[in-house]
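All values derive from a computational prediction rather than experimental measurement. Numbers restart at 1 for each chain; the letters A, B, ... are given by sequence-line order, proteins then strands.
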2 protein chains.
Amino acid sequence: MSVSASRLRDRSQSTGGGAESAAPSGLPRVQVAQTPLARFEEYLQSKGLRNSDQRRVLLEHVFSRHSHFDADQLIEELPRRGAKGHVSRPTVYRTLKEFVDAGLLRCFQLDGRSVYEHDYGYPQHDHLYCSQCRTLIEFRSEELLRIREQVSAEHNFLVRSHRFIIQGVCADCRKRRQRRKQDLV
Amino acid sequence: MSVSASRLRDRSQSTGGGAESAAPSGLPRVQVAQTPLARFEEYLQSKGLRNSDQRRVLLEHVFSRHSHFDADQLIEELPRRGAKGHVSRPTVYRTLKEFVDAGLLRCFQLDGRSVYEHDYGYPQHDHLYCSQCRTLIEFRSEELLRIREQVSAEHNFLVRSHRFIIQGVCADCRKRRQRRKQDLV
DNA sequence: ATCGTTGCAAACGTTTTGCATAAGG
DNA sequence: CCTTATGCAAAACGTTTGCAACGAT
């Protein structure tokens, strides 16, 4: 096991639970036809896979709140080895891949590791990333999608997805910085 | 050593050499005050670092053409161990970091590894990434920068940089796909 | 002579794999 | 009962580091 010192913080609202998800600030929630569980079971069916305890534990945990996380965080939040509800590291990795496959989670790379977030029933969005406190802040831009389509059309490119991350320093950290400056004076 | 099977292809023009760089299609070249070498020597001076053979070899190689590359590709392109002009793996990694520090190269993550491209004297741009042939295609969008500023202002976020990658299938691979479909009929 | 630089080997952190065992349908 | 899923340990992968030897200024 490797307990990485660097944690990924989050600035998204937690979901109300059930078949509804929180949306980036100022945006309407999205109604979803089925719960993530129902959708996952459908996916397992269609692939001839089985609905094990471990998969249930992970699905339950991952969708119990809306946050960005990596494999290591997820593992630390779950029961330790030996305890009930524990899931081994390889199984966590394997299952996260299945969730992505099933359309439940989105995955992207940040600082060298894979970060996951809700996809199913959650509106498309992009991120501001504070390199100081490692917070991810969500935002939405229709204009960005327009650019995406236009550029792709110009290059006769078939779009599957995109990733837009603005890196810098968030409002909180800027305030903190200024305070520190004042303290030094 | 790890010789990764997956290579990163490229669809950028090669530079004319010297103090001028190729720009994404349709865009004007950018005049630069000094050559990358001159700038790097200045950087070394300012940091009290030394201009070794290895650094010269790497700088020369990296700026001899305009392309995207990762550490492994660079190492494979250079002379093997024992031969003149060889640079060890750790030194390649160390030196690439210095190039980034010196403002000569930009670095971003793709498929789990670090990809480098020319920065010095080269216009800001973003990428279309073909997940089939792994080609990176450059494009430029002023509008995107406007969105970046607007979103950041709204969140009182201090921008340092951004990364925008559109993933999908490039024009060539689409053609290839259609041909294969026809062949099957 | 001094201090930065290199190469080696070995560590690192994250993710994946082979394989024997356990468990879902 | 048949197959898929799991846990363990170990490998794989890209990258970094400690250190003794080397080399630039």
Side-chain angles (χ1 to χ4, degrees), chain A residues 1-8 40-41 43-59 69-76 78-102 107-116, chain B residues 1-8 40-41 43-59 69-76 78-102 107-116:
Chain A
M1 175 162 51
S2 59
V3 179
S4 63
S6 58
R7 299 278 66 150
L8 188 68
F40 189 54
E41 284 178 343
Y43 168 84
L44 293 175
Q45 282 282 331
S46 75
K47 294 258 181 179
L49 305 178
R50 290 166 187 177
N51 198 349
S52 65
D53 281 353
Q54 289 87 336
R55 283 177 179 146
R56 266 187 295 268
V57 164
L58 290 172
L59 190 78
F69 62 93
D70 60 27
D72 228 55
Q73 269 167 63
L74 182 49
I75 288 162
E76 274 184 32
L78 289 168
R80 313 252 150 222
R81 200 178 338 166
K84 183 177 151 276
H86 170 75
V87 181
S88 72
R89 185 167 289 270
T91 296
V92 167
Y93 278 99
R94 288 186 277 236
T95 308
L96 285 175
K97 268 202 182 127
E98 290 166 354
F99 288 170
V100 170
D101 233 55
C107 173
F108 58 99
Q109 313 293 125
L110 200 57
D111 289 339
R113 67 210 124 95
S114 290
V115 175
Y116 296 85
Chain B
M1 175 165 47
S2 60
V3 179
S4 63
S6 59
R7 299 277 68 150
L8 187 69
F40 189 54
E41 283 178 343
Y43 168 84
L44 293 175
Q45 281 282 328
S46 76
K47 293 258 181 180
L49 305 177
R50 290 165 187 178
N51 199 348
S52 65
D53 280 355
Q54 287 87 337
R55 285 179 179 145
R56 265 188 294 269
V57 164
L58 289 172
L59 189 78
F69 63 92
D70 60 27
D72 230 54
Q73 269 167 63
L74 183 49
I75 289 162
E76 275 186 31
L78 289 168
R80 313 255 148 219
R81 199 178 341 169
K84 184 177 148 277
H86 171 75
V87 180
S88 72
R89 184 168 291 269
T91 296
V92 167
Y93 277 100
R94 289 187 276 235
T95 308
L96 286 174
K97 268 203 180 124
E98 289 166 353
F99 288 171
V100 171
D101 232 56
C107 172
F108 59 99
Q109 312 294 127
L110 198 59
D111 290 340
R113 69 209 125 100
S114 291
V115 175
Y116 296 86

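One distance of note links CG of B:Leu44 with CZ of B:Arg50; it measures 11.5 Å at 0.5 Å rounding.
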For a side-chain hydrogen bond (donor to acceptor under 3.5 Å, both in side chains) check, start with the C-alpha distance between B:Asp101 and B:Tyr43, then their side-chain angles and the critical distance, and finish with the verdict. CA-CA 9 Å; B:Asp101 232 56; B:Tyr43 168 84; 3.0 Å; yes
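Side-chain atoms of A:Arg94 come within donor-acceptor range of the base of D:dG7, with a qualifying N/O pair under 3.5 Å. Between the side chain of B:Arg50 and the base of C:dC3 there is at least one donor-acceptor pair of N/O atoms closer than 3.5 Å.
Using a 4.0 Å cut-off, no side-chain N or O of B:Ser88 falls inside it from OP1 or OP2 of C:dC8. A sub-4.0 Å separation between OP1 or OP2 of C:dT16 and a side-chain N or O of A:Lys97 is present. Remark: B:Ser114 is in phosphate contact with D:dT15, judged by side-chain N or O atoms under 4.0 Å from OP1 or OP2. Regarding contacts with the backbone of C:dG7, a side-chain N or O of B:Gln54 is found under 4.0 angstrom from either OP1 or OP2. Not one side-chain nitrogen or oxygen of B:Tyr93 sits closer than 4.0 Å to the OP1 or OP2 atom of D:dT16. Not one side-chain nitrogen or oxygen of B:Arg113 sits closer than 4.0 Å to the OP1 or OP2 atom of D:dC13. Phosphate proximity of D:dT6 to A:Ser52: present, with a side-chain N or O under 4.0 Å from OP1 or OP2.
The CD1-C1' distance, from B:Ile75 to D:dC13, rounds to 13 Å in whole Å. What separates CD of A:Gln109 from C1' of C:dT15 is a distance of 11 Å, to the nearest Å. Regarding B:Arg89, its CZ atom lies at a distance of 18 Å from the P atom of C:dA11, rounded to whole Å.
A salt bridge does not link A:Glu98 with A:Lys47: none of the charged nitrogens is closer than 4.0 Å to a carboxylate oxygen. The residues A:Arg89 and A:Asp72 are annotated as salt-bridged, a charged nitrogen and a carboxylate oxygen being separated by less than 4.0 angstrom.
Take the nearest nucleotide of DNA chain C for B:Gly48 and for A:Pro90: the residue whose nucleotide is more 5' is B:Gly48.
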